[in-house]
Number of protein chains: 2
Amino acid sequence: MMAESNRRGVPDATVGRLPGYLQALTTVAEQGRSSVSSEEIASLAGVRSAQVRKDLSHLGSYGVRGVGYDVARLVDQISAELGLSQDWPVVIVGMGNLGRALASYEGLATRGFHVVALADNDPDVVGSRVEGMPVQALAELRTCGPVSVGVVTTPPEAAQEVADVLVELGVHSILNFAPVVLQVPADVDVRRVDLATELQILAFHQHQREASVTDTPVEGVS
Amino acid sequence: MMAESNRRGVPDATVGRLPGYLQALTTVAEQGRSSVSSEEIASLAGVRSAQVRKDLSHLGSYGVRGVGYDVARLVDQISAELGLSQDWPVVIVGMGNLGRALASYEGLATRGFHVVALADNDPDVVGSRVEGMPVQALAELRTCGPVSVGVVTTPPEAAQEVADVLVELGVHSILNFAPVVLQVPADVDVRRVDLATELQILAFHQHQREASVTDTPVEGVS
DNA sequence: TAGATTGTTAATCGATTAACAATC
DNA sequence: TAGATTGTTAATCGATTAACAATC
């Protein structure tokens with residue numbers, strides 16, 4: 001993890017919601033609408049309207065009182081804030097089912113993320129093709145040109161080694177699906193996505209609910 | 001999303017870190033250690049030691065001053081808190097690459113999550129086998145017995161319909177990988193994992209970093 | 001005892017929310 | 001003008017952190 005820079009002062013929590021707003025706006029745009037209220041964005045994104053207005057105010061975004069926000073303009077502003085007008089070359093390392101799933105995810109290209117290389121260390125997999133792209137050995141990655149984002153979908157044992165190679169390659173952003181905490185230099189940003197963690201959080205909530213049904217505290221009885 | 005119950009007062013932020021501590025403890029246990037300090041847990045989990053102690057204090061967990069925490073005991077306490085001593089029957093709907101990846105993820109079974117059914121709506125896929133399990137049609141799911149957790153790995157267009165079926169099936173916990181906000185009753189807990197969101201957050205940070213290198217504010221010059 | 005490490009306090013920080021004046 | 005909806009304020013809430021007394 002990295003000390004967040006937050007240069008122009010957009011809070012992290014807001015940044016985390018901007019992609020959701022962007023998606024909501026895309027939905028609205030597809031309906032041919034050109035204007036949208038914070039209330040509508042909120043309901044599509046699953047948050048409250050006050051939150052939306054507060055978040056958008058951090059972008060210095062101008063809605064129009066009594067009218068709402070211009071859809072196209074807001075898409076541009078959020079995209080610019082997130083840096084989505086740029087092109088982000090992505091490498092995926094680990095060609096198991098998960099790596100393949102990500103390699104074939106269309107949602108990436110439309111947001112400026114372009115997969116420029118796939119890698120694996122299994123000799124049986126190296127040389128094969130996934131989604132029309134050749135799978136390279138980890139050591140060969142050096143040759144694939146500049147890379148912005150590395151996605152780690154290897155087994156946990158291999159993840160740190162992969163991270164080391166990515167860092168050497170000049171990658172500053174890593175999306176880690178392996179259930180380990182990667183050790184990286186301070187200027188490298190790692191986000192971890194862990195399926196087991198998500199399920200365990202769900203389990204906790206359900207566990208709580210079941211418990212509260214069973215042993216409801218008896219109040220007003222002595 | 002659901003209004004968090006938080007019955008016994010374990011904060012959500014703490015719950016979100018417990019799985020990480022559990023994993024750290026597993027690592028320590030594998031090394032044959034029987035005792036561990038908050039400092040060690042923190043470094044394995046990527047947080048600060050004060051955070052670990054605070055979090056564990058919510059469990060009423062007893063460490064020993066000057067010594068640390070008993071590894072086995074802490075594993076038991078966290079597992080109990082998360083409800084991992086129970087068995088959680090899981091259904092995965094959507095047998096694309098992502099669904100297959102999750103179906104073959106070994107990390108689930110070891111934590112009490114057992115995949116009891118796989119489903120898809122593509123007639124070409126229904127009837128085939130994934131990891132030795134037959135893929136059922138969505139409508140057939142009714143027959144698969146009680147289900148605690150539903151995992152949605154379908155395309156976005158299909159996700160809401162799948163969620164409706166899961167809810168009808170009595171599922172109260174949904175892990176949603178489709179990039180849509182699912183509409184569910186208030187007693188159903190949905191967690192969303194969105195790859196595009198994660199990448200966009202990484203892009204934002206990198207974007208910021210690049211910007212701050214380029215146009216570093218010139219201070220002390222008039 | 002001396003050293004180590006917890007559990008808890010109190011200060012700080014950041015995020016959410018409701019409410020409403022501003023204004024289209 | 002009347003109605004709608006923003007942008008911002010201020011109150012509240014929750015989470016993080018450092019520090020240290022308690023105590024093994």
Side-chain angles (χ1 to χ4, degrees), chain A residues 1-18 20-21 24-25 28 33-71 73-74 77-78 81 201 204-205, chain B residues 1-18 20-21 24-25 28 33-71 73-74 77-78 81 201 204-205:
Chain A
M1 226 146 290
M2 196 191 49
E4 314 299 350
S5 47
N6 250 353
R7 189 179 53 102
R8 224 180 79 210
V10 181
D12 280 344
T14 295
V15 172
R17 284 183 295 264
L18 290 180
Y21 299 161
L25 290 168
V28 171
R33 316 259 317 278
S34 66
S35 180
V36 65
S37 70
S38 59
E39 199 67 62
E40 291 172 282
I41 298 174
S43 117
L44 287 166
V47 302
R48 290 171 196 272
S49 65
Q51 180 105 266
V52 170
R53 290 196 297 279
K54 181 108 231 213
D55 284 340
L56 293 182
S57 76
H58 289 298
L59 307 190
S61 153
Y62 276 17
V64 181
R65 286 162 140 105
V67 178
Y69 299 87
D70 183 87
V71 175
R73 180 142 176 250
L74 199 47
Q77 282 184 324
I78 296 178
E81 189 68 35
I201 294 173
F204 170 83
H205 289 315
Chain B
M1 225 144 292
M2 194 191 52
E4 312 300 352
S5 46
N6 250 351
R7 188 180 53 103
R8 223 180 80 208
V10 181
D12 281 344
T14 295
V15 172
R17 283 184 295 264
L18 291 179
Y21 299 161
L25 291 167
V28 170
R33 315 262 315 278
S34 66
S35 180
V36 67
S37 70
S38 60
E39 199 66 62
E40 290 173 283
I41 298 174
S43 114
L44 287 167
V47 301
R48 290 172 196 268
S49 65
Q51 180 104 269
V52 171
R53 291 196 298 279
K54 182 108 232 212
D55 284 339
L56 294 181
S57 76
H58 290 297
L59 306 189
S61 151
Y62 276 17
V64 182
R65 286 163 138 104
V67 179
Y69 299 88
D70 184 88
V71 175
R73 179 142 178 251
L74 198 48
Q77 282 184 325
I78 296 178
E81 189 66 37
I201 294 173
F204 170 82
H205 289 315

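Below, chain A is the first sequence line, B the second, and so on; all start at residue 1.
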Whole-Å gap separating P (dT6(C)) and NE2 (His58(B))
16 Å
Taking OH from Tyr62(B) and C1' from dG7(C), how many angstroms apart are they, rounded to a whole number?
10 Å
Between C1' on dT6(D) and CG on Asp55(A), what's the gap in Å once rounded to a whole number?
14 Å
Closest non-hydrogen contact found for Val10(B) with His58(B) is CG2-O, 4.2 Å
Point-to-point distance, once rounded to the nearest 0.5 Å, from OH of Tyr21(B) to CG of Asp55(B)
3.5 Å
Over all strands shown, is Ser38(A) touching base, sugar-phosphate only, or nothing at heavy-atom distances under 4.0 angstrom?
sugar-phosphate
Of the candidates dT5(C), dT5(D), dA15(C), the side chain of Ser37(A) sits closest to dT5(D)
Dot-bracket for DNA chain C, 5' to 3', counting Watson-Crick or G-U wobble pairs under 3.5 Å, with [ ] for crossing pairs and | for inter-strand pairs?
..||||||||||||||||||||||
When you compare the side chain of Phe204(B) with that of Leu18(A), does any pair of heavy atoms fall below 4.5 Å?
no
When the distance from CG of Asp12(B) to C1' of dC13(D) is rounded to whole Å, what number comes out?
13 Å
Is there a side-chain contact between Tyr62(B) and Gln77(B), using heavy atoms and a 4.5 Å cut-off?
no
Which pair of non-hydrogen atoms, one from Ile41(A) and one from Ala24(A), has the smallest distance, and what is that distance?
O-CB, 4.3 Å
Quickly work out the Leu59(B) CG to dT8(C) C1' distance and round it to whole Å.
15 Å
Point-to-point distance, once rounded to the nearest 0.5 Å, from CD of Gln51(A) to CG of Leu56(A)
10.5 Å
Per Tyr69(A) side chain, nearest of listed nucleotides dG7(D), dT16(C), dA15(D)
dG7(D)
Between His205(B) and Asp12(A) the two heavy atoms that sit nearest each other are CE1-OD1, 3.8 Å
Any base atoms under 4.0 Å from Ser49(B), or only sugar-phosphate, or nothing? Heavy atoms, all strands.
nothing
What closest approach, in Å, do Val71(B) and Leu25(B) show between heavy atoms, and which atom pair accounts for it?
CG1-O, 3.8 Å
According to salt bridge (Lys or Arg N to Asp or Glu O under 4.0 Å), does anything in residues 36-46 of chain A pair up with another residue at least two apart or in another chain? List the pairs.
Arg33(A)-Glu40(A)
Output the rounded distance in Å from OH (Tyr21(A)) to C1' (dT6(D)).
15 Å
Per-nucleotide protein contact string for nucleotides 17-24 of chain D, where B marks a base within reach and S marks sugar-phosphate only (heavy atoms under 4.0 Å, - for neither)
BBB--BBB
Rounded distance (Å) that lies between atom P of dT5(C) and atom CG of Leu74(B)
16 Å
